[in-house]
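To start, the structure itself, in structure tokens.
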Amino acid sequence: MSAPREQFGSKIGFILAAAGSAVGIGNIVGFPVAAAKNGGAAFLLIYACFVAFICLPVMLAEMGLGRRTQHSPQKAYTELGEGLTRWKIAGFLATFTPFMIAVFYMVITVWIFGYLFQSIIGNLDLIASEGYFNTFVKEMSFLGYLVAVIAITYLILLGGVRNGIERASKVLMPALFIMLILLVIFVLTLDGASAGLKFYLVPDFSRIDGSVINGALSQAFFSLSLGMGILITYGSYFRRNDDIVTSAKLVAITDTSVAFIAGLMTLPAIFAIFPNTNVDTLSTSSVSMVFSFFPNIFLALSETIGYVPASIAATLFFLLAFVAAITSLVSIIEVPTSSLMEKRNISRKKALMIIGTLITVLTLIAATSFGIVPWLTQFAHYAGVDKSVFDIINDVFYDTILPLNGLLICLFVRFRWKRAQLTAELSEGNPDYGNSWFGKYVNVAIGTFIPVILAAVFINTVLTKFFGISII
Ligand code: PHE
């Protein structure tokens with residue numbers, strides 16, 4: 001007989017845990033840079049509309065499916081899909097995708113930890129030196145940082161839903177907000193910060209085109225942790241009488257606010273230190289911004305405020321990024337862990353050992369694809385470029401499968417579970433939902449234009465990423 005399913009202890013615990021998952025390095029660097037490059041407030045406006053009108057309904061469907069079935073994604077789809085192969089595939093994808101993304105995210109979190117460690121011990125000049133990142137990724141110290149990150153993640157997850165994930169989120173999320181606000185205040189006091197604010201906040205609609213719109217939607221989708229099975233799993237830990245709708249709205253608002261506020265730190269910092277920055281030349285990759293660009297900002301800052309205060313600012317920045325990353329990592333590893341516990345009827349500890357070992361092995365393979373092992377570095381060649389194992393995981397799972405998973409849940413609600421059932425599920429804990437304008441909107445949108453839009457994003461991504469053809 002298996003133990004009763006664990007539950008979050010409170011609504012705020014659930015909201016903080018889901019927000020912890022949603023707030024990641026995508027919010028802190030990816031979003032602000034994308035906004036600056038793509039029309040500032042114009043991008044912000046489009047992004048906010050996508051969050052409210054496309055992502056939020058998908059989020060509700062994921063959480064609703066989880067709570068309805070009280071299962072992790074694979075079993076949830078199998079049970080409500082009455083064992084039909086197509087829904088089993090959807091369940092498999094919603095479990096396998098987070099597993100692979102966990103590998104990708106683990107590598108980045110380990111690097112952040114490494115940079116945090118180096119800033120703490122006073123090596124800001126080293127991490128900011130030309131070409132350091134390329135050397136850093138090949139160093140054996142990766143193993144030490146990896147062990148530390150695995151230990152922290154393991155300890156949080158071993159505590160389970162209430163004593164692990166919820167408890168950690170209740171400490172880490174407020175800490176994250178405080179660090180973010182401190183950094184924003186600090187950055188805004190620097191001379192020249194206002195140039196960055198201008199780029200960020202003044203709308204420029206001329207920059208909006210098809211690819212910007214596609215990018216904004218993908219960014220919003222990824223930022224809210226959709227399509228990763230996370231919200232199905234967290235939904236399954238939600239209590240029957242809790243209000244999913246309000247909680248989901250609060251998670252979306254928190255995630256978007258953190259992204260917005262992070263822009264008030266990231267862009268003014270860039271422009272205060274490098275006033276002649278051309279936004280078009282900023283990298284779209286969060287990885288290269290965090291590891292190659294930011295250390296330079298802090299080092300340059302040391303010329304005006306001194307090396308130690310600049311090192312403290314750098315430490316605070318990497319700690320912020322690390323907290324954001326670790327809460328996301330925890331949520332994503334919980335998906336395969338909870339699936340395995342359910343499937344094999346084994347303890348959390350045993351499931352964590354198995355999943356942890358698999359992810360560690362794959363992380364080492366992905367990490368060594370940074371120039372250490374040549375055939376992993378040039379593992380495949382498509383769309384005219386050589387791709388490493390790390391690039392492939394990014395292209396296939398992050399960019400391509402996430403919108404596909406979103407599409408599948410919409411189709412599942414429309415054709416199998418039925419929209420009336422979703423509405424009934426969401427009305428538990430929020431009795432007015434079905435008659436509200438938002439409830440009616442979700443009911444129509446999730447079965448009509450949202451899947452069409454997600455299908456278009458999916459097809460466009462496949463064509464651009466793998467065949468080098470852009471249709472939008
Ligand atoms: N929402 C996270 C971000 O913005 C993405 C993510 C969530 C990645 C969970 C992995 C796991 O960075």
Side-chain angles (χ1 to χ4, degrees), residues 15-35 47 50-51 55-56 58-59 62-63 73 94-112 149 153 156-157 165 168-169 172-173 176 180 215-235 248 251-263 266 284-287 289-291 320-338 355 359 362-363 366 390 393-394 396-399 401-403 405-406:
I15 294 169
L16 287 174
S21 170
V23 173
I25 49 165
N27 297 61
I28 292 168
V29 187
F31 173 84
V33 173
Y47 180 88
F50 283 156
V51 168
C55 296
L56 197 52
V58 177
M59 197 172 189
E62 291 200 11
M63 290 181 181
T95 314
F96 190 61
T97 312
F99 180 77
M100 293 309 288
I101 292 182
V103 172
F104 172 90
Y105 220 70
M106 178 68 99
V107 176
I108 295 178
T109 311
V110 171
W111 288 340
I112 294 179
V149 172
T153 315
I156 297 177
L157 283 173
I165 301 173
S169 309
L172 293 176
M173 290 312 284
L176 182 140
L180 182 60
L217 182 57
S218 308
Q219 169 78 22
F221 207 79
F222 153 73
S223 186
L224 291 171
S225 298
L226 298 178
M228 306 191 197
I230 295 173
L231 297 173
I232 303 180
T233 308
Y234 276 16
V251 172
I253 290 172
T254 310
D255 186 62
T256 310
S257 310
V258 170
F260 175 73
I261 296 171
T266 309
T284 44
S285 139
S286 297
V287 169
M289 287 301 290
V290 171
F291 300 106
L320 172 74
F322 182 66
V323 168
I326 202 89
T327 44
S328 299
L329 191 62
V330 160
S331 73
I332 205 154
I333 297 184
E334 176 64 12
V335 182
T337 305
S338 107
I355 297 292
I359 291 183
L362 287 170
T363 300
F390 184 86
I393 299 179
N394 185 22
V396 174
F397 291 95
Y398 249 131
D399 284 333
I401 311 262
L402 287 192
N405 285 346

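When reading the values below, keep in mind they use all heavy atoms of this one structure, side chains included, and skip hydrogens, waters and symmetry mates. One is the number of the first residue; the rest follow in order along the sequence. No experiment lies behind these values; they were computed from the predicted model shown. Indexing begins at 1, ligand by ligand and atom by atom, following the structure's order.
Polar contact check, A22 against ligand 1: a nitrogen or oxygen pair lies under 3.5 Å apart. Close N/O approach between N27 and ligand 1 is found [any backbone or side-chain N/O within under 3.5 Å]. Considering both main-chain and side-chain atoms, Y105 comes within under 3.5 Å of ligand 1 through a nitrogen or oxygen pair. At least one N/O-N/O distance between I25 and ligand 1 falls below 3.5 Å. For S223, a nitrogen or oxygen atom sits less than 3.5 Å from a nitrogen or oxygen atom of ligand 1, counting backbone and side chain alike. At under 3.5 Å, a nitrogen or oxygen of F222, whether backbone or side chain, sits near a nitrogen or oxygen of ligand 1.
Ring pair Y398/F104: centre-to-centre distance below 6.0 Å.
Counting heavy atoms under 4.0 Å from ligand 1, residue I230 touches it through the side chain alone.
Side-chain atoms of E334 never come within 3.5 Å of backbone atoms of I230 as a donor-acceptor pair (strictly under, hydrogens ignored).
Side-chain contact annotation: S225 with S21, donor-acceptor N/O pair under 3.5 Å present.
Assignment of D255 to the shell around ligand 1 is not supported, since no heavy atom sits closer than 4.0 Å. Ligand 1 lies nowhere less than 4.0 angstrom from a heavy atom belonging to F221.
Looking at atom 3 (C) of ligand 1, its nearest protein heavy atom turns out to be G24 CA, 3.4 Å.
Contact of the S328 side chain with the Y105 side chain is registered, since non-hydrogen atoms from C-beta on lie closer than 4.5 Å.
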